[in-house]
Amino acid sequence: MSDQRVVRPTPISGFPEWTPQVRAVEQRWLDHIRAGFESFGFASVETPSVENLDVLMAKGETSQEVYTLHRLQADAKDDSDARLGLHFDLTVPFARYVAQHFNELTFPFKRYQTQRVWRGERPQEGRFREFTQCDIDVINVDSVPLHFDAELPRIVHRVLSGLDIPAWTLNVNNRKVLQGFYEGLGVKDPIAVIRAVDKLHKIGDDGVREILEGEGLTTEQIDPCLALARIRGAGVVEEVRALGVVSELLEEGLEELAFVLNDLADLPEGSVVADLSIARGLDYYTGTVYEASFDDDPGYGSICAGGRYENLAGQFIRKRLPGVGISIGLTRIFAKLVAEGRIEAGRVCPTDVMVVVPNAERRADALRTGELLRERGFNTEVFHSTAKVGKQIQYASKRGIPFVWFPPFEEGGEHEVKDMAKGEQGTADPAVWSPAT
RNA sequence: GUGGGUGUAGCUCAGCCGGUAGAGCACUUGGUUGUGGUCCAAGAAGUCGCGGGUUCAAGUCCCGUCACUCACCCCA
């Protein structure tokens with residue numbers, strides 16, 4: 001080592017990265033998810049990593065910590081980039097996208113979008129500043145059929161069931177049920193109640209009661225709110241009605257919820273469950289809401305979430321464009337398995353065959369052999385120098401390459417191939433050889 | 001943003017009551033001539049996060065700072 005100064009590489013908190021072995025698995029996941037989305041007819045869309053800040057803030061809620069863009073060399077007066085921010089989810093960019101390409105799209109527009117998003121939060125386990133979301137949304141003019149509210153959980157179920165991950169449950173609720181119920185109780189600020197009840201799993205009944213008392217609710221109001229939040233599973237509609245609260249919005253929400261659940265009745269029991277404690281914070285959702293978590297570790301956070309929103313794109317176009325969407329938190333799920341050592345490492349490299357270069361004179365022949373194998377569909381690399389044969393094989397071994405190819409060491413000699421796992425070696429013809437014995 | 005923990009070779013860490021750094025793994029080379037995963041031998045590699053202070057002397061004590069990490073908040 002020289003006495004040159006070195007910039008010590010340190011991990012940047014909240015920006016995960018993987019070894020090739022692990023990345024190989026992640027790529028398989030991505031392929032699987034993509035195929036799952038496409039099997040339902042959703043089309044892929046990709047949007048820039050940045051949006052205008054006023055687009056990102058269109059919701060009016062500045063609760064998200066947005067990373068903004070600026071050039072290092074920009075002089076103090078130059079704020080030409082200051083209006084750009086990295087997107088913190090894919091729904092807002094999607095809404096903008098739909099408004100912008102309105103004329104070119106066919107509705108209802110069904111798209112999937114798998115991209116990284118950025119949030120300037122304090123990272124910790126399962127929570128990142130850069131992570132990948134796999135989003136599917138349906139957006140339509142004026143109204144979106146309720147069938148889509150049921151189709152999205154079905155897609156998620158199909159996709160997640162194909163991945164080797166711990167047991168999870170997708171909880172479903174409907175904002176109208178909560179809001180209608182609270183209104184029926186005469187609560188002044190239903191949103192505040194939704195926020196409080198959303199914390200039920202963490203702070204318990206007493207904690208929620210305390211907050212609600214602070215909001216000025218009476219015991220006669222708080223008790224039904226807590227009772228509502230406890231309702232879960234089959235029979236939710238009847239149980240809610242049994243609480244005796246009446247409101248038009250509540251009834252509407254119950255009917256929607258019942259419709260969705262009924263549509264999903266064929267899924268394995270326990271995979272998609274009605275849970276009236278799910279509220280989804282203060283997001284833009286107005287109807288159906290989804291939230292999935294691991295059964296054995298619900299505190300880890302939601303691994304998949306979404307819902308229905310009325311008119312999200314309304315900020316960008318003078319049309320009513322409601323939608324329903326759901327997002328799989330790929331990074332959060334994947335990182336948990338990586339941390340727990342549950343990812344069975346994939347290949348270090350995609351190479352099927354490594355061709356040995358016997359010596360400088362035979363290199364051209366080795367390259368030709370590599371080309372032939374490649375044309376036949378094998379991922380083939382020709383060793384990068386003329387090191388000792390032992391070194392070359394060792395390299396293949398470390399890289400987990402299953403076959404090492406030996407071109408003739410002398411003009412006119414025979415090719416040989418070695419099965420690294422078995423340690424067996426024999427003559428072979430590169431024009432017809434295949435690893436299946 | 002608030003509070004706690006940690007910061008020593010590429011990685012995981014040790015370093016007792018202060019006396020100018022160690023292990024394992026990884027890496028390089030060798031164990032001769034065309035063959036890996038084991039073994040043996042040798043070797044290379046450290047601004048002890050950074051800055052300041054106390055001291056004859058600091059990785060070791062004190063202060064500050066940065067980074068990482070955990071909890072809260074919030075969320076995928």
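Computed from a predicted structure; not experimentally measured. Within every chain, numbering begins at 1; the chains are lettered A, B, ... in the order of the sequence lines, protein sequences first and strands thereafter.
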Classify the nucleic acid contact of [X] as base, sugar-phosphate or nothing, counting any heavy atom under 4.0 Å across all strands shown.
X	result
A/Ala305	sugar-phosphate
A/Ile328	nothing
A/Gly126	base
A/Phe128	base
A/Pro11	sugar-phosphate

N/O to N/O distances under 3.5 Å, protein versus nucleotides 26-30 of chain B:
from: B/C27; atom 1: OP1; to: A/Lys398; atom 2: NZ; distance (Å): 3.2

What nucleotide, of [options], holds the atom closest to the side chain of [X]?
X	options	answer
A/Gln425	B/G36, B/C68, B/G34	B/G34
A/Glu416	B/A76, B/G34, B/C68	B/G34
A/Val389	B/U35, B/C72, B/G36	B/U35
A/Lys418	B/U35, B/C70, B/A76	B/U35
A/Glu121	B/G34, B/C68, B/A76	B/A76

Determine, answering yes or no, if A/Tyr395 is stacked on B/G36 under the 5.5 Å centre rule and the 30° plane rule.
-> no

G-U wobble or Watson-Crick pairing nucleotide for B/C17 (cut-off 3.5 Å, both distances) =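 Paired with no nucleotide.
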
Given that both distances must come in under 3.5 Å, which nucleotide forms a Watson-Crick or G-U wobble pair with B/C68?
-> B/G5

Got a sec, which residues hit side-chain contact (heavy atoms from CB on, under 4.5 Å) with A/Glu416, two or more places apart in sequence or on another chain?
-> A/Phe406, A/Gln425, A/Thr427

Would you check if A/Met354 and A/Glu381 make a side-chain contact, meaning some heavy-atom pair closer than 4.5 Å?
->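 In contact.
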
If every non-hydrogen atom of A/Pro166 is compared with every non-hydrogen atom of A/Leu337, which pair is closest and at what distance?
->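 Of all heavy-atom pairs spanning A/Pro166 and A/Leu337, the closest is CD-CD2, 3.5 Å.
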
For A/Phe88 and A/Val92, work out which heavy atoms get closest and say how close.
->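 Smallest interatomic distance, heavy atoms only, reads CZ-CG2, 4.3 Å.
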
May I ask you to evaluate whether A/Gln392 reaches the phosphate of B/G36, defined as a side-chain N or O under 4.0 Å from OP1 or OP2?
->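 Negative; the distance criterion is not met.
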
Assert: residue with more 5' nearest nucleotide on RNA chain B, out of A/Gly423 and A/Pro123, is A/Gly423

Please measure how far the P atom in B/G15 lies from the corresponding atom in B/U8, and state the result in whole Å.
->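 To the nearest whole Å, 13 Å.
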
Checking A/Arg96 side chain against A/Glu51 main chain: does a donor-acceptor pair fall under 3.5 Å?
->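 The answer is no, because no donor-acceptor pair under 3.5 Å joins these two groups.
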
In B/S/- notation (B base, S sugar-phosphate only, - none; protein heavy atoms under 4.0 Å), nucleotides 1-12 of chain B written 5' to 3' is BB------S---

